[in-house]
Amino acid sequence: MRKKTQRTYIGGQAVIQGVMMRSKSGMATVVRDDNGELQTEAKRITPPEKRKKWLRFPFVRGVVSFISSLVLGMKSLLRSSEVAVADDEEPSKFTKWVAEHWKISVGDIVTTISTVLGVALAVVLFMFLPNYFADLIADAAPSVISREGVNAIWYSLIEGGFRFIIFLLYILFTLLFASLRETYCYHGAEHKTINCYEYGDELTVENVKKASRLHDRCGTTFIFLVLVISIFVFALANWLLALTGMTGIGWVDFFISLVVKIALLPVVAAISYEILRLLARTDSVLVLPLKAPGYLLQMLTTREPDEKMIECAICAFRKAKEMDDDPDSPEKTFATECKLSELLEMMKKSFAGKDIDGADAEWIVSLELDVPRSALSQERIVSRKECRRILEKFEQRLTGRPLWYIYGDAEFYGYTFKVDERVLIPRPETEILVRNAVASLKDGDSMLDLCTGSGAIAIAVACEAAKDKNVSVTATDISEGALEVARENARLNKANVTFVRSDLFGGVRGRYNLITANPPYVRSAEIASLPKDVRDFEPHLALDGGVDGLDYYRRIAEKINRYIVRGGMCILECGEGQAQEIIRIFRTVARCDFAMVVRDLAGVERVVKIGF
């Protein structure tokens with residue numbers, strides 16, 4: 001075998017039509033669904049170094065690793081089955097009835113039954129039967145084999161031998177099934193991918209193909225070690241039980257022995273884990289005889305994968321490694337049939353980890369299921385198709401991209417506005433400005449909206465005023481991209497608004513009864529500390545208000561007297577804590593007649609009304 005130039009903590013297992021890879025910080029499962037597409041599920045887990053100190057002690061860590069691997073591995077296997085065997089056909093009447101009346105999916109029922117039967121089968125095959133056969137031989141030849149004295153060693157060897165034979169027959173039996181042979185191919189892809197990385201080669205399909213499908217940390221080798229170590233541990237247990245004299249009742253003694261051995265499995269696993277860990281640290285030929293039995297078994301449990309299987313393994317490995325390398329690497333979820341409450345809980349939890357408002361999860365589900373947010377408390381089963389649509393928007397939102405950019409429109413003052421990265425998303429608090437603007441207009445008045453952006457203020461006012469007044473509305477913006485969006489919104493809402501490309505008043509002619517603006521008012525130094533969705537996606541041109549955030553207010557105050565009629569009004573939105581300074585600026589520079597502040601629902605001074 002080639003010498004390895006870099007070691008990795010990443011390990012994994014084959015799942016149904018895919019591969020699960022587990023790193024220190026996360027686990028990633030990649031499955032090829034029935035449409036031939038790769039689906040990824042990635043979840044964060046507690047890294048070993050963050051566990052309590054006593055859980056990291058030798059042997060104790062083996063028990064922890066054994067239990068966590070068992071639980072996480074089973075979850076991945078069951079989750080992969082939901083993706084691999086699902087279909088997009090209309091659910092049956094029975095499936096709908098179960099979902100409606102029991103609020104669970106048929107898949108959940110099948111998964112639970114499969115888990116229970118799997119555990120029961122494992123206990124029968126690898127604990128009950130070896131114990132039973134060894135007892136039969138002990139009863140037939142008590143002078144040669146028994147639970148007591150030196151003969152107890154033979155008893156444990158025979159019991160262990162039966163356990164190994166059953167394990168080997170079990171593997172050979174699984175080879176009869178095409179679906180399980182396929183899983184062994186994915187097992188081979190998992191090993192090859194990890195080996196390719198440890199060889200120091202780039203993770204490409206061609207490089208992975210050339211790597212060995214045998215690996216030191218394979219679960220098959222671990223099981224072999226468990227079988228060997230169990231012989232010695234169970235021999236000691238048999239000897240100790242013999243010292244107690246047991247009960248003398250055959251079936252009771254048999255049951256006690258079986259329970260004790262099941263209880264000792266974590267001890268066996270802990271010892272096996274430490275041995276496997278030591279063997280995996282070296283490629284020396286001196287330890288090859290100890291590794292050889294595991295390698296031979298791996299020849300049965302791994303097969304040569306095809307390119308699509310290797311692609312699955314590479315994707316899983318990269319995502320698992322990414323979760324170690326990047327703490328911000330997002331979690332991902334399979335698109336499968338699920339409960340609405342569980343889907344919402346998962347989304348909100350993921351959003352909370354990214355400082356995203358949990359209400360966005362409700363908006364996504366509400367919009368994709370076409371139900372009001374108030375109805376989301378009613379449990380229901382989300383179909384695979386519905387889940388796929390929801391998760392597509394969910395994963396986009398996890399990148400930080402604002403929700404309304406993802407959907408391409410936003411509601412404002414009862415109207416729909418197209419929005420994208422060229423304009424700010426209209427905020428609910430800006431509706432206060434619109435309400436005051438509409439109330440101040442009289443029939444025949446004219447209005448000028450500066451820094452119009454998406455045109456939200458100008459269009460909403462024009463539409464509302466047109467219901468009972470004849471008002472002319474002009475709107476300006478320095479950005480041609482923003483004006484393109486505003487013109488589209490005017491067409492969409494059938495609003496009569498004239499748009500002018502202008503830096504504030506630069507291209508404006510005439511005087512107006514009402515001048516409105518929601519200008520940039522964020523302090524330059526605070527841009528970097530804004531929420532990610534605002535900082536990284538919304539246009540800085542529409543945010544940056546200079547050192548103190550008031551540059552645009554000063555510029556408006558300097559020229560407003562040339563463009564406003566006597567008795568006119570200026571209504572401006574502002575940031576928290578800015579209203580009083582804005583009033584001072586207009587009193588000093590523009591010599592306004594009066595000024596007043598309107599607070600938003602949170603009590604913040606949000607809008608300044610200035611009279612001339």
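Start at 1 with the first residue, then count along the sequence.
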Checklist entry - Between Glu429 and Arg599, does at least one N-O distance fall below 4.0 Å, as a salt bridge requires? => result no
Next on the checklist: The test is salt bridge (charged side-chain N to carboxylate O under 4.0 Å, His left out); show your working for Arg401 and Asp536 and say whether it passes.
Outcome noted: CA-CA 8 Å; Arg401 192 179 185 212; Asp536 293 350; over 6 Å; no
Next on the checklist: Applying salt bridge (charged side-chain N to carboxylate O under 4.0 Å, His left out) to Asp503 and Arg555, what does each step give before you reach the verdict?
Outcome noted: CA-CA 10 Å; Asp503 183 6; Arg555 291 178 61 196; 3.0 Å; yes
Checklist entry - Under a 4.0 Å N-O cut-off, is there an ion pair linking Arg384 with Asp34? => result yes
Checklist entry - Nearest 0.5 Å, what's the CD-CG distance between Gln17 and Leu38? => result 11.0 Å
Checklist entry - Are any of the side-chain heavy atoms of Pro539 and Ser479 separated by less than 4.5 Å? => result no
Next on the checklist: With ring pair (Phe, Tyr, Trp, His ring centres under 6.0 Å) as the test, pick out the partner of Trp404 among Phe412, Phe537, Phe417, Trp363.
Outcome noted: Trp363
Item to check | pair Leu450-Pro519: side-chain heavy atoms closer than 4.5 Å | outcome: no
Checklist entry - Rounded to the nearest 0.5 Å, what separation is found between the OH atom of Tyr521 and the CD atom of Glu576? => result 10.0 Å
Next on the checklist: Can you confirm whether the side chains of Asp477 and Thr452 place a donor and an acceptor under 3.5 Å from each other?
Outcome noted: no
Item to check | Distance-only side-chain donor-acceptor flag, Thr416 / Glu411, under 3.5 Å | outcome: yes
Checklist entry - Quick one: does NZ or CZ of Lys559 land under 6.0 Å from the six-membered ring centre of Phe505, within 45 degrees of the ring axis? => result no
Checklist entry - For Tyr407 and Glu368, does a side-chain donor sit closer than 3.5 Å to a side-chain acceptor? => result yes
Next on the checklist: Within the structure provided, determine whether Phe317 and Glu190 are in side-chain contact (heavy-atom separation under 4.5 Å).
Outcome noted: no
Checklist entry - Between Lys332 and Glu41, is there a side-chain N and carboxylate O pair less than 4.0 Å apart? => result no
Item to check | Test ring pair (Phe, Tyr, Trp, His ring centres under 6.0 Å) applied to Phe351 and Phe394, step by step | outcome: CA-CA 9 Å; Phe351 280 169; Phe394 164 70; 5.3 Å; yes
Next on the checklist: Please confirm whether the ring centroid of Phe612 lies under 6.0 Å from the ring centroid of Phe594.
Outcome noted: no
Item to check | Flag, side chain of Arg587 to backbone of Arg591, donor-acceptor distance under 3.5 Å | outcome: no
Checklist entry - Taking side chain as C-beta onward, heavy atoms only, is Val15 less than 4.5 Å from Val31? => result yes
Checklist entry - Under 6.0 Å from the NZ atom of Lys321, do we count more than 12 heavy atoms belonging to anything else shown? => result no
Next on the checklist: If you count heavy atoms of other groups shown closer than 6.0 angstrom to NZ of Lys469, is the number above 12?
Outcome noted: yes
Checklist entry - Is there side-chain contact between Thr193 and Leu203, with at least one heavy-atom pair below 4.5 Å? => result yes
Item to check | From CG (Asp409) to CG (Leu492), nearest 0.5 Å | outcome: 8.5 Å
Checklist entry - With a 4.0 Å cut-off, would you call Asp548 and Arg554 a salt bridge? => result yes
Next on the checklist: Is it true that Asn489 and Ser454 share a donor-acceptor pair across their side chains at a distance under 3.5 Å?
Outcome noted: no
Checklist entry - Do Thr430 and Glu573 pass the side chain to side chain donor-acceptor pair (under 3.5 Å) test, and can you show the C-alpha distance, the side-chain angles, and the key distance before you say yes or no? => result CA-CA 7 Å; Thr430 306; Glu573 183 175 324; 2.7 Å; yes
Checklist entry - Closest approach of Pro520 and Asp544, non-hydrogen atoms and distance? => result CB-O, 3.4 Å
Item to check | salt bridge (charged side-chain N to carboxylate O under 4.0 Å, His left out) between Arg422 and Glu484, worked out | outcome: CA-CA 9 Å; Arg422 292 174 290 178; Glu484 289 173 2; 2.8 Å; yes
Item to check | Nearest atoms (heavy-atom pairs only) where Tyr552 meets Leu541 | outcome: OH-O, 4.4 Å
Checklist entry - Can you tell me if CG on Asp468 sees more than 12 non-hydrogen neighbours from other groups inside 6.0 Å? => result yes
Next on the checklist: Go through it in stages, so that I can follow the logic: the residues are Lys319 and Ser329, the test is side chain to side chain donor-acceptor pair (under 3.5 Å), and I'd like the CA-CA distance, side-chain angles, deciding distance and then a yes or no.
Outcome noted: CA-CA 9 Å; Lys319 182 59 181 178; Ser329 176; 2.9 Å; yes
Next on the checklist: Looking at Arg389 and Glu392, is there a salt bridge between them, counting it only when a charged N and a carboxylate O are closer than 4.0 Å?
Outcome noted: no
Item to check | Polar contact flag, side-chain donor to acceptor under 3.5 angstrom, Tyr197-Glu202 | outcome: no
Item to check | Side-chain H-bond candidate by donor/acceptor type, Arg380 with Ser341, under 3.5 Å | outcome: no
Checklist entry - From Ile10 CD1 over to Asp324 CG, what is the distance, rounded to the nearest 0.5 angstrom? => result 6.0 Å
Checklist entry - Would you say the side chains of Glu337 and Ser383 form a donor-acceptor pair under 3.5 Å? => result no
Checklist entry - Hey, which of Thr333, Thr336, Thr29 is the one that makes side chain to side chain donor-acceptor pair (under 3.5 Å) with Arg79? => result Thr336
Checklist entry - Between Asp357 and Lys348, is a salt bridge (charged side-chain N to carboxylate O under 4.0 Å, His left out) present by the stated rule, with each step listed? => result CA-CA 8 Å; Asp357 191 344; Lys348 288 183 177 181; over 6 Å; no
Checklist entry - To the nearest 0.5 Å, what is the distance between CG (Asn513) and SG (Cys570)? => result 13.0 Å
Item to check | Donor-acceptor side-chain pairing of Glu605 and Gln578 below 3.5 angstrom | outcome: no
